[in-house]
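Below is one structure, written out as C-alpha cells, with a few remarks after it.
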Amino acid sequence: ETGVYSLYAGSYANRDLGDYLIKVVCAAPPPPIEVFPILIGEEVSGDLTISGETDEWTFEAIAGSSVTIYMWTPVGGRFVDTYLRLKNPEGTQVAYNDDYSSAVNRAYENGLLDVEPIGSLNSAIIEHPILTTGIHTIVADTYRNEGIGDYRIKLTTP
C-alpha cells in the first residue's frame with residue numbers, strides 16, 4: 001500500500017552494539033487482470049504470458065439456469081496446468097476445478113469443442129447452478145497461480 005513506513009534497528013533487549021544492515025524490498029505489483037466478454041455457446045482462446053497472471057471472462061446468467069465451462073490447453077499451444085474458477089455477481093467464488101480432463105476429452109469427442117485438448121491437466125465445471133441473476137465471471141488461472149501457456153474456454157448450458 002502507498003504510505004509512510006518506519007523501520008527501526010536495534011538489538012535483542014537493547015543489549016548489544018554493532019553494525020547492522022537493513023534491506024527494503026518492494027514486491028512487484030500483480031500483473032493486470034484482463035476482462036473479456038464471453039457468450040453462452042462461445043469458445044474463446046487466451047494466453048497467460050506471465051506467471052501469476054489471470055484472465056477474466058464475463059457473461060450474464062439468470063437465476064435458476066446452469067452453466068458448464070471447459071478450460072483446456074489446445075493442440076499446438078503452449079501447455080498450461082489449467083485451474084478454472086467461477087465467481088457470482090458479488091465477486092464470490094462459487095465453483096472451481098483443477099484437472100477434469102476426462103470431461104474435457106468427452107466434450108471434444110462429442111463434437112462440443114472446436115479445438116482438440118492436449119494433456120491431462122484440463123479443467124471443467126459441469127452443470128453449475130446459477131443462484132443469482134447478473135454478470136458472472138470465469139477466471140482463467142493456472143494451478144497454484146504459477147506457469148504460463150495457451151488455453152481455450154467454452155461456456156455452455158446443459
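Since the structure is predicted, the reported quantities are computational estimates derived from the model, not experimental observations.
Applying the ring-ring contact (aromatic ring centres under 6.0 Å, His included) criterion to Phe36, with sequence neighbours excluded, gives Trp57. The side chain to side chain contact (heavy atoms under 4.5 Å, CB included) check on Ile135 picks up Thr58, Glu60, with sequence neighbours excluded. Lys154 meets the salt bridge (charged side-chain N to carboxylate O under 4.0 Å, His left out) test with no other residue; sequence neighbours excluded. Residues satisfying the side chain to side chain contact (heavy atoms under 4.5 Å, CB included) test with Pro37, not counting sequence neighbours, are none. Applying the salt bridge (charged side-chain N to carboxylate O under 4.0 Å, His left out) test to Glu42 and every residue at least two apart in sequence or in another chain returns nothing. Qualifying side chain to side chain contact (heavy atoms under 4.5 Å, CB included) partners for Ala95, counting only residues two or more places apart in sequence or in other chains: Leu86, Ile125, His128. Remark: Asp114 pairs with Glu43 by the side chain to side chain contact (heavy atoms under 4.5 Å, CB included) rule, at least two apart or across chains. Scanning for salt bridge (charged side-chain N to carboxylate O under 4.0 Å, His left out) contacts around Arg78 gives Asp47, Asp150, with sequence neighbours left out.
Contact between Ile40 and Thr157 at its shortest, heavy atoms only, is CG2-CG2, 3.5 Å. The two atoms that bring Tyr70 and Ile126 nearest to each other are CE2-CD1, 3.9 Å, heavy atoms only. A pairwise comparison of heavy atoms in Phe79 and Gly119 identifies CE1-CA, 4.2 Å as the closest pair. Nearest heavy-atom pair, Ala124 versus Ala103, reported as atom, atom and distance to 0.1 Å: CB-CB, 4.0 Å. Scanning all heavy atoms of the two residues, the minimum distance from Ser51 to Asn145 falls at OG-O, 4.0 Å.
The hydrophobic cluster around Tyr20 extends to Leu7, Ile22, Val24, counting ILVMFWY residues whose side-chain heavy atoms fall within less than 4.5 Å of a member. Using a 4.5 Å cut-off between side-chain heavy atoms of Ile, Leu, Val, Met, Phe, Trp and Tyr, Ile118 falls into a hydrophobic cluster with Val75. Through direct or indirect side-chain contacts shorter than 4.5 Å among Ile, Leu, Val, Met, Phe, Trp and Tyr, Tyr143 is connected to Tyr83, Tyr96.
Annotation: salt bridge (Lys or Arg N to Asp or Glu O under 4.0 Å) contacts involving residues 136-145, sequence neighbours excluded, comprise Arg85-Asp141.
For the atom pair Asn122 CG and Leu113 CG, the distance stands at 9.5 Å (nearest 0.5 Å). Put simply, CD1 on Ile130 and CZ on Phe59 are 5.0 Å apart, with the number rounded to the nearest 0.5 Å.
A donor-acceptor pair is defined here as one N or O able to donate and one able to accept, closer than 3.5 Å; such a pair exists between the side chain of Thr82 and the backbone of Ser123.
One hydrophobic cluster, built from ILVMFWY side chains closer than 4.5 Å, cannot hold both Val115 and Val44; they sit in different ones.
At least one side-chain heavy atom of Val139 sits under 4.5 Å from a side-chain heavy atom of Lys87.
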